[in-house]
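Here the structure is a predicted model, which means the values were calculated and not measured.
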Amino acid sequence: MPFSVTTATTDAVLEARNTDAEIRGVVDLANKIDAKIGTMRLGQAIQFVANASVLGYGVRGAMVFYGEAGTPSLRVRECEQLWALYGLALLEP
């Protein structure tokens, strides 16, 4: 069965797209070190992870953390799918 984000995940992400998010597990492939990405809005974090491979980053182990403790994190596949489905809507204020 192909991977698919759930409606609940999609709704939660779209609602929280402007909250702070932290990306962990990104590797700068040129320097072979963990990249320090910093905090950004959730929509921007999803965009970054979805497109990071073309920017020279390895994101196999990347995770996006947002919201309160206990909120499920997003992995690379989820970010790619969310960006493909909603794109610029994730960046709207």
Side-chain angles (χ1 to χ4, degrees):
M1 179 174 172
F3 175 81
S4 177
V5 292
T6 65
T7 302
T9 300
T10 300
D11 291 346
V13 165
L14 288 173
E15 185 175 318
R17 68 183 177 262
N18 290 308
T19 62
D20 286 342
E22 182 180 346
I23 304 170
R24 295 185 197 159
V26 175
V27 176
D28 179 340
L29 296 176
N31 299 314
K32 308 260 191 269
I33 59 172
D34 287 334
K36 304 279 190 254
I37 304 299
T39 302
M40 63 184 73
R41 293 181 14 216
L42 177 58
Q44 293 170 319
I46 291 168
Q47 177 190 29
F48 177 84
V49 171
N51 296 304
S53 61
V54 297
L55 301 172
Y57 293 100
V59 290
R60 249 179 68 176
M63 296 176 72
V64 177
F65 296 91
Y66 69 99
E68 296 184 24
T71 302
S73 58
L74 299 172
R75 297 202 178 254
V76 177
R77 283 188 187 179
E78 292 166 313
C79 290
E80 290 170 344
Q81 193 169 42
L82 287 164
W83 184 250
L85 292 171
Y86 300 101
L88 294 177
L90 292 166
L91 302 179
E92 292 177 357

Problem set entry | Contact summary for M63 and S73, nearest pair of heavy atoms | CE-OG, 2.9 Å
Exercise. If you measure from CD on E22 to OG1 on T39, what distance do you get to the nearest 0.5 Å?
Worked result: 5.5 Å
Problem set entry | Nearest heavy atoms of I46 and L90, plus distance in Å | CG2-CD1, 3.8 Å
Problem set entry | Cluster check V27, I37: I/L/V/M/F/W/Y, side chain < 4.5 angstrom | no
Problem set entry | Minimal non-hydrogen separation, C79 against V64, with atom names | SG-CG2, 3.8 Å
Problem set entry | Exercise: identify the closest heavy-atom pair between V76 and R60 | CG2-O, 4.2 Å
Exercise. What distance do Y66 atom OH and R41 atom CZ have between them, rounded to the nearest 0.5 Å?
Worked result: 15.0 Å
Problem set entry | Path from I33 to L29 over hydrophobic side-chain contacts below 4.5 Å | no
For this session: Could you tell me the separation between the CD1 atom of I23 and the CZ atom of F48, rounded to the nearest 0.5 Å?
Result: 5.5 Å
Exercise. Residues two or more places apart in sequence or in another chain: which of them pass side chain to side chain contact (heavy atoms under 4.5 Å, CB included) with T9?
Worked result: T6, V13, L74
Problem set entry | D28 CG to K36 NZ distance, which is reported to the nearest 0.5 Å | 11.0 Å
For this session: Step through the shown structure and confirm whether more than 12 heavy atoms of other residues, nucleotides or ligands are within 6.0 Å of OH on Y57.
Result: no
Problem set entry | N/O donor-acceptor pair under 3.5 Å between N18 side chain and G43 backbone | no
Exercise. Do any N or O atoms from the side chain of E15 and from the backbone of A12 form a donor-acceptor pair under 3.5 angstrom?
Worked result: no
For this session: Starting from the C-alpha separation in whole Å, work towards a yes-or-no answer on side-chain contact (heavy atoms from CB on, under 4.5 Å) for F65 and L42.
Result: CA-CA 8 Å; F65 296 91; L42 177 58; over 6 Å; no
Problem set entry | Contact summary for E68 and T71, nearest pair of heavy atoms | O-OG1, 2.8 Å
